[in-house]
Trainee: 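Okay, here's the structure, questions in a sec.
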Amino acid sequence: MSTFISSSSSLILQPLKPQKPSKFTKAKTLTLTIKSTSEPKTTKNAQKPSSRNRRRSSYGTSRRSALKKTFTQEQVQFTAPVSSDPHVGIIGGGMAGLVCALSLDKRGVKSTVFDTGNHGLGGRMGTRMIGPQPLIFDHAAQFFTVNDSRFGQLVAGWLERGLVKQWEGVIGELEVGGKFSPFPSSPPRYIGANGMRPLADSLLAQTSMVNVVRPCWISTLEPFNGMWHLSENGKPRGQFDVVIIAHNGKCANRLLGSSGLPLIARQMKRLELSSIWALLAAFEDPLPIAGAVTFEGAFVKGVDSLSWMANNSAKLLSSRRDGPHCWTFFSTAAFGKRNKVPQENIPTATAEKVKTGMLQGVEAALGLPNCSLQKPIYTRVQLWGAALPTNTPGIPCIFDPHGRAGICGDWLSDSSLESAALSGLALANHIADYLESGGVHPEEFAVGLHNEFCTLEGHDIGQFPGLESVGKQEIQAYELTT
């Protein structure tokens, strides 16, 4: 479930040439004007609202009431010039959030990245390692391509540092019954040298102005005394001049539901996302692949429960010739929708049903008799409940200058690692320009707050720019951002 940018997407915000660290406007006392009449009264010694007098979380409310609350909330209006030493809070440590932090660092702006990952950064750039063999699985983003020169510059740096490498293995299209058609070797395909998560964890290694906090699930945004105050279930997590939402789905919707950012909240709630199941399975022996070509990755056609399969052992441990064979399988979006459950608490019966259905799909894809597939020595299912976007506003980022808040993510243009990186880059440069202006003319920096969404079709597990050159229109894609 990697991500990638459409070659037809036109980026509204062009990143500026690298600049020296910014010299920001001299600090003045920050003030905040909020139109809401429900604002708590303050006293001479007013302090930030505590968790005791804060309104109850809306996590248990219905979608209808949440929508109503979102669309009727009053807009936050920051009116004072920005600080001379601004601090940006970035919620989400996937590709978009990490590149945004990296790009802010290059512009001389400090930031803090908050991520929920227990094992590392990366969001859907996930890699699981189970010892002691080891078993290794890229269980989200599988690989990526390069179509834009700005992303190409980033990838060139990662290649030089040994963070990524070209995937030389054969990939192609596998039709039900076992008929495999390989793709040309161009465009090059790239993978994390040791998996996607180690790549994500290494992106900020050479920065000096980025702080990372994880695991941390920011649950509340509160404007107070000219700053954004972030908290995690009542625990203060810092105050920031600007906030960035670098993730999506129901958690982002809840976060924005009462934040005082109705324009951003409206855009986020217009987003529609598919669901994809991932099945990780390790086998003692190689899978029986018919034909003269032994592939390492395949986009599956004609199987209801399966859209992608990849041999992680061959991809990531090419020097190892023995040991278990680790495969990642992804379902179709239709299969994911039919079997969707709360991903935080997957019922055992559902997990077994999904595993059985997807393994039967593997048999059908490879042209094997029913129940002839060898029994895996290890399996794990995971639901990406907020996977790929099915619609998009077709812009690189969103920014509300009056509320000093923005959004970045691959879904703003399509669904690929490339588009995620370019979105983070665009928002970082836009915010750095805004901060350098001192916020004097905020209306000049509003972007993406009213763009209409258009439908994205033909993608089950993401996009790979450049693969269109294969000559099959329906094969445009395929990366799991879900």
Side-chain angles (χ1 to χ4, degrees), residues 1 57-66 94 115-120 122-130 135-142 197 215 217 219 233 247-255 257 271-283 300 303-310 312 324 326-365 370-371 373-390 460-462 480-482:
M1 297 147 339
S57 169
S58 61
Y59 275 47
T61 59
S62 68
R63 186 175 187 275
R64 177 177 295 180
S65 62
D115 189 70
T116 60
N118 288 310
H119 306 290
R124 289 185 296 265
M125 297 171 64
T127 302
R128 287 190 180 275
M129 296 185 185
I130 298 96
L135 305 180
I136 186 168
F137 306 89
D138 274 337
H139 64 105
Q142 297 293 287
R197 175 166 286 150
W217 201 299
S219 58
N233 298 323
H247 68 107
N248 56 39
K250 63 181 181 180
C251 295
N253 289 339
R254 289 167 178 167
L255 186 63
L271 173 64
E272 298 174 357
L273 298 162
S274 66
S275 298
I276 299 286
W277 283 95
L279 168 63
L280 314 182
F283 301 90
V300 180
V303 178
D304 175 71
S305 62
L306 203 64
S307 63
W308 166 264
M309 56 192 296
N312 291 263
C326 302
W327 286 79
T328 294
F329 304 108
F330 291 137
S331 77
T332 61
F335 184 86
K337 182 178 181 180
R338 288 198 309 273
N339 295 281
K340 187 174 182 180
V341 293
Q343 67 183 59
E344 303 84 2
N345 186 23
I346 299 174
T348 301
T350 300
E352 284 299 315
K353 177 184 176 183
V354 167
K355 181 179 73 171
T356 299
M358 292 183 69
L359 289 176
Q360 289 174 346
V362 174
E363 289 179 335
N370 290 339
C371 301
L373 185 69
Q374 61 178 296
K375 184 177 180 180
I377 60 175
Y378 170 87
T379 59
R380 176 189 175 92
V381 293
Q382 177 171 342
L383 175 64
W384 295 102
L388 296 176
T390 60
D460 262 4
I461 60 169
L480 184 57
T481 127
T482 39

Trainee: I want to check something: taking the side chain as every heavy atom from C-beta on, are Leu273 and Pro389 in contact at a cut-off of under 4.5 Å?
Mentor: yes
Trainee: For a quick test of your reading: what N or O donor-acceptor pairs under 3.5 Å do the side chains of residues 373-381 make, sequence neighbours left out?
Mentor:
residue	atom	partner	partner atom	Å
Gln374	OE1	Asp285	N	3.2
Gln374	NE2	Asp285	O	2.9
Gln374	NE2	Pro286	O	3.4

Trainee: Rounded to the nearest 0.5 Å, how far apart are CZ of Phe335 and CZ of Phe330?
Mentor: 14.0 Å
Trainee: Relative to the ring of His139, is the ring of Trp384 parallel (under 30°), tilted (30 to 60°) or perpendicular (over 60°)?
Mentor: parallel
Trainee: Give the minimum heavy-atom separation between Leu306 and Met309, together with the two atoms involved.
Mentor: CD2-SD, 4.4 Å
Trainee: Out of curiosity, Met358 CE to Asp304 CG, how far, rounded to the nearest 0.5 Å?
Mentor: 11.0 Å
Trainee: Taking Ser274 for the side chain and Leu388 for the main chain, is one N or O donor matched with an acceptor at less than 3.5 Å?
Mentor: yes
Trainee: Are any non-hydrogen side-chain atoms of Trp277 and Thr350 less than 4.5 angstrom apart?
Mentor: yes
Trainee: On a heavy-atom basis, which atom in Ala282 and which in Leu135 lie closest, and how many Å separate them?
Mentor: CB-CD2, 4.0 Å
Trainee: Using only atom types and a distance under 3.5 Å, with no angle test, would you say the side chain of Gln343 pairs donor to acceptor with the backbone of Val341?
Mentor: no
Trainee: What is the distance from atom CG of Asp115 to atom NE2 of His247, rounded to the nearest 0.5 Å?
Mentor: 9.5 Å
Trainee: So do the side chains of Val300 and Phe329 get within less than 4.5 Å of each other, counting heavy atoms only?
Mentor: no
Trainee: With rounding to the nearest 0.5 angstrom, report the OG1 to CZ distance, Thr328 to Arg128.
Mentor: 11.0 Å
Trainee: Any side-chain heavy atom of Leu359 sitting closer than 4.5 Å to one from Lys355?
Mentor: yes
Trainee: For the residue pair Met125 and Ala140, what are the closest heavy atoms and their distance?
Mentor: N-CB, 4.3 Å
Trainee: Kindly write out the residues that satisfy side chain to side chain contact (heavy atoms under 4.5 Å, CB included) with Lys340, not counting sequence neighbours, or none if the list is empty.
Mentor: Ser275, Leu383
Trainee: Just how far is it from atom CG of Leu271 to atom OG1 of Thr390, taken to the nearest 0.5 Å?
Mentor: 7.0 Å
Trainee: Please confirm whether the backbone N or O of Cys371 pairs with a side-chain atom of Glu363, one donor and one acceptor, at under 3.5 Å?
Mentor: yes
Trainee: So does Ser331 get a backbone contact from the side chain of Ser307, meaning a donor-acceptor N/O pair under 3.5 Å?
Mentor: yes
Trainee: Donor-acceptor pair, distance only, cut-off 3.5 Å: does the side chain of Ser219 make one with the backbone of Asn233?
Mentor: yes
Trainee: Nearest 0.5 Å, please: how far is CG in Leu280 from CD1 in Ile136?
Mentor: 11.5 Å
